[in-house]
Amino acid sequence: MRRFAAPAGTAPLNKPVVVSEETLTEPVVVSDVSPAAAKAAGPAYIVLAGISFSHFLNDTMQSLIASVYPILKDTYALDFAQIGMITLAFQFTASLLQPVVGHYTDKKAQPYSLAIGMASTFFGLLLLSAAHQYLVILVAAALVGLGSAVFHPESARIARLASGGRYGFAQSVFQLGGSFGTSMGPVLAALIVVPFGQGSIAWFSSIAFLAILVLWRIGRWYAPQIKAKKTAMVQAHPDAPSSRRVALALAVLVALLFSKQLYVSSLSSYYIFYLIDRFDVSTQAAQLYLFIFLAANAVGAFVGGPLGDRFGRKIVIWISILGALPFTLALPYAGLVASAVLSVVIGLIISSTTSSIIVFAQELVPHRFGMISGVFFGVAFGIGGLGAAVLGKVADHTSIEFVYQVCAYLPAIGLLAVFLPKLPRHAR
């Protein structure tokens, strides 16, 4: 035991500080900030802006893969099943590794892992620009997915640390960057990749390099946050649901995310082909229509979090998934202009649930933020990849229109929200 006191001849500033050997050697982890302290500090807006901008850059690069599908399909004579396998290779690495990364960083936070993971995306884009064999295309897509696996769990934790207690708002700001990044992919593909070809994908590696610089700077902010936190036992709130109800609620949230993400994946991966086949529009025009849908997703993702903070996450989850059902049912039977309008309405409504689902899950398991974020981001990516592969196979044997008629019923899974528990008031 060591005792530290004020120097002789001076008035003590406080009581002597006693530090045990165990305290000197105990592990340091990031625990959640208390709501009172977080609200007093307020959100760290610069950090939120930086992590959201990084999410924008990350998802812009990821969305390029789906946006160049028509080029790859024509150049290498791929069928829809092979297109779906590219999505699966990209999404599967992210789905498989995100929970693992989140579990590891719950125990030992890695402030500079985001910048290092972005390097995988950097090399994946370079490889994709030069790939001339189907297997190499799959490897390149998997490398971009690997970068996503490293990025999402730890960046979601940083957003929460910088939230100032406004967890839904912080998650929405974080999601806003990713959603707009996803929407920019089709536009950049239409303006750059379509006119200049597959090799122009290498130009986007400069975006990855910019993201590496931003994430390295965020890592410098994050490192002192880790050192300032000591291991603490998380005390369960007396009104918190039982472990059995928590497990059921997590399963329900996964199912709800399944319905939302599979529908969005169906539009993201095949909406271009749907518009070309049904309305005979050009590839560039179809990519702009896809941009409209994805931009609506971005706006909806931003709005959902603050609404969850204000009115409760459960009600937002109810409205955002079931509320999209009438419009998804109408979409397969609408004309071109009506389809564009319906896609905007669907994107606004259905994407508003993402932040509420993720924050709800984090609050159900408050001592495993990284793992829970990894599981839900990973499940979202995995469902998208697996669903794209299955839907591509179905489209080869039937038609793209049939796929959208079936997917129109997915938001009905939102009825499962009735099984979600009521969270303590401080966690709403």
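Scope of the values below: all heavy atoms of this structure, side chains included, with no hydrogens, waters or symmetry mates. Starting from 1, each residue takes its place in the sequence as its number.
- Across all non-hydrogen atoms, the minimal contact from Y271 to L267 is CB-O, 2.6 Å.
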Identify each donor-acceptor pair in which a side-chain atom of residues 287-300 lies under 3.5 Å from a protein atom, sequence neighbours left out, and give them as a table.
residue : atom : partner : partner atom : Å
Q287    : NE2  : S67     : O            : 3.0
N297    : ND2  : F293    : O            : 3.0

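- Taking each heavy atom of S356 and G304 in turn, the nearest pair found is OG-O, 3.7 Å.
- Taking CZ of F360 as the start and CG of L253 as the end, the distance is 6.0 Å to the nearest 0.5 Å.
- Within 6.0 Å of OH on Y134 lie more than 12 heavy atoms contributed by other residues, nucleotides or ligands.
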### Message
Run V264 and I350 through side-chain contact (heavy atoms from CB on, under 4.5 Å) and show every step you take.
### Response
CA-CA 9 Å; V264 172; I350 202 169; 4.2 Å; yes
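- Side-chain N/O atoms of Q171 and Q175 include a donor and acceptor closer than 3.5 Å.
- With rounding to the nearest 0.5 Å, the separation of CG in L331 from CD1 in I346 is 5.0 Å.
- Counting heavy atoms from C-beta on, the side chains of L78 and Y69 never come closer than 4.5 Å.
- Taking CG of L125 as the start and CG of L64 as the end, the distance is 7.0 Å to the nearest 0.5 Å.
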### Task
Could you go through the side-chain contact (heavy atoms from CB on, under 4.5 Å) check for I158 and F174 one step at a time?
CA-CA 10 Å; I158 292 174; F174 175 64; over 6 Å; no
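- Within the 3.5 Å criterion, the main-chain N or O of V316 finds a donor-acceptor partner in the side chain of S320.
- Taking all atoms of both residues into account, the shortest heavy-atom contact from L48 to A170 is CD2-CB, 3.9 Å.
- Contact detail for S52 and V173: the closest heavy-atom pair is OG-O, 2.7 Å.
- Using a 4.5 Å heavy-atom cutoff, the side chains of L161 and Y222 are in contact.
- The backbone N or O of A340 sits less than 3.5 Å from a side-chain atom of S343, completing a donor-acceptor pair.
- Within 6.0 Å of the CZ atom in F279, the count of heavy atoms belonging to other residues, nucleotides or ligands exceeds 12.
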### Stepwise side-chain contact (heavy atoms from CB on, under 4.5 Å) check, L138 with F90
CA-CA 7 Å; L138 293 178; F90 162 60; over 6 Å; no
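- With contacts defined as side-chain heavy-atom distances shorter than 4.5 Å, the pair F258/V254 does not qualify.
- Taken to the nearest 0.5 Å, the OG atom of S205 stands 4.5 Å off from the CZ atom of F122.
- For the pair H55 (side chain) and G177 (backbone), a donor-acceptor distance under 3.5 Å is absent.
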Without placing hydrogens or testing angles, list every side-chain donor-acceptor pair under 3.5 Å for residues 184-202, not counting sequence neighbours.
residue : atom : partner : partner atom : Å
Q198    : OE1  : Y76     : OH           : 2.8
Q198    : NE2  : L128    : O            : 2.8
Q198    : NE2  : A131    : O            : 2.7
S200    : OG   : G197    : O            : 2.6

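- For Y274, the ring-ring contact (aromatic ring centres under 6.0 Å, His included) partners two or more places apart in sequence, or in a different chain, are Y404.
- Here the straight-line distance linking atom CG of L322 with atom CD1 of I413 works out to 10.5 Å at 0.5 Å rounding.
- Distance alone, capped at 3.5 Å, is enough to place a donor-acceptor pair between the S259 side chain and the L256 backbone.
- With D79 contributing its side chain and Q82 its backbone, the two residues share a donor-acceptor pair below 3.5 Å.
- Within 6.0 Å of CG in D74 there are more than 12 heavy atoms belonging to other residues, nucleotides or ligands.
- Minimum interatomic distance between S266 and L391 (heavy atoms only, all atoms of both residues): CB-CD1, 3.5 Å.
- Scored by the ring-ring contact (aromatic ring centres under 6.0 Å, His included) test, Y112 finds W216 as partners (sequence neighbours excluded).
- R278 places a side-chain N or O within 3.5 Å of a backbone atom of P332 that can act as its donor or acceptor partner.
- Between R313 and V359, some side-chain heavy-atom pair lies under the 4.5 Å cut-off.
- Contact detail for A249 and L420: the closest heavy-atom pair is O-CD2, 3.8 Å.
- At least one side-chain heavy atom of K260 sits under 4.5 Å from a side-chain heavy atom of T354.
- The backbone N or O of L143 sits less than 3.5 Å from a side-chain atom of S120, completing a donor-acceptor pair.
- Although no hydrogens or angles enter the test, the distance criterion places a donor-acceptor pair under 3.5 Å between the side chain of S129 and the main chain of L126.
- The ring-ring contact (aromatic ring centres under 6.0 Å, His included) check on F273 picks up F80, with sequence neighbours excluded.
- Within 6.0 Å of NZ on K393 lie no more than 12 heavy atoms contributed by other residues, nucleotides or ligands.
- Residues I51 and L114 have side chains in contact (heavy-atom distance under 4.5 Å, counting atoms from C-beta outward).
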### Task
Decide side-chain contact (heavy atoms from CB on, under 4.5 Å) for M61 and M118; before the verdict, give the C-alpha distance in whole Å, the side-chain angles of both, and the deciding distance to 0.1 Å.
CA-CA 11 Å; M61 293 177 288; M118 189 60 64; 3.6 Å; yes
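- In this structure, CG in L410 is found 5.0 Å from CG in L262, a value given to the nearest 0.5 Å.
- Between V345 and L348, the closest side-chain pair of non-hydrogen atoms is not below 4.5 Å.
- Without hydrogens or angle criteria, T75 side chain to I71 main chain gives a donor-acceptor distance under 3.5 Å.
- Under the side-chain contact (heavy atoms from CB on, under 4.5 Å) criterion, V214 pairs with F53, S54, L210, I218, sequence neighbours left out.
- Within the 4.5 Å cutoff, no side-chain heavy atoms of P111 are placed close to those of R220.
- Here the side chain of S172 pairs a donor or acceptor atom with the backbone of F302 at under 3.5 angstrom.
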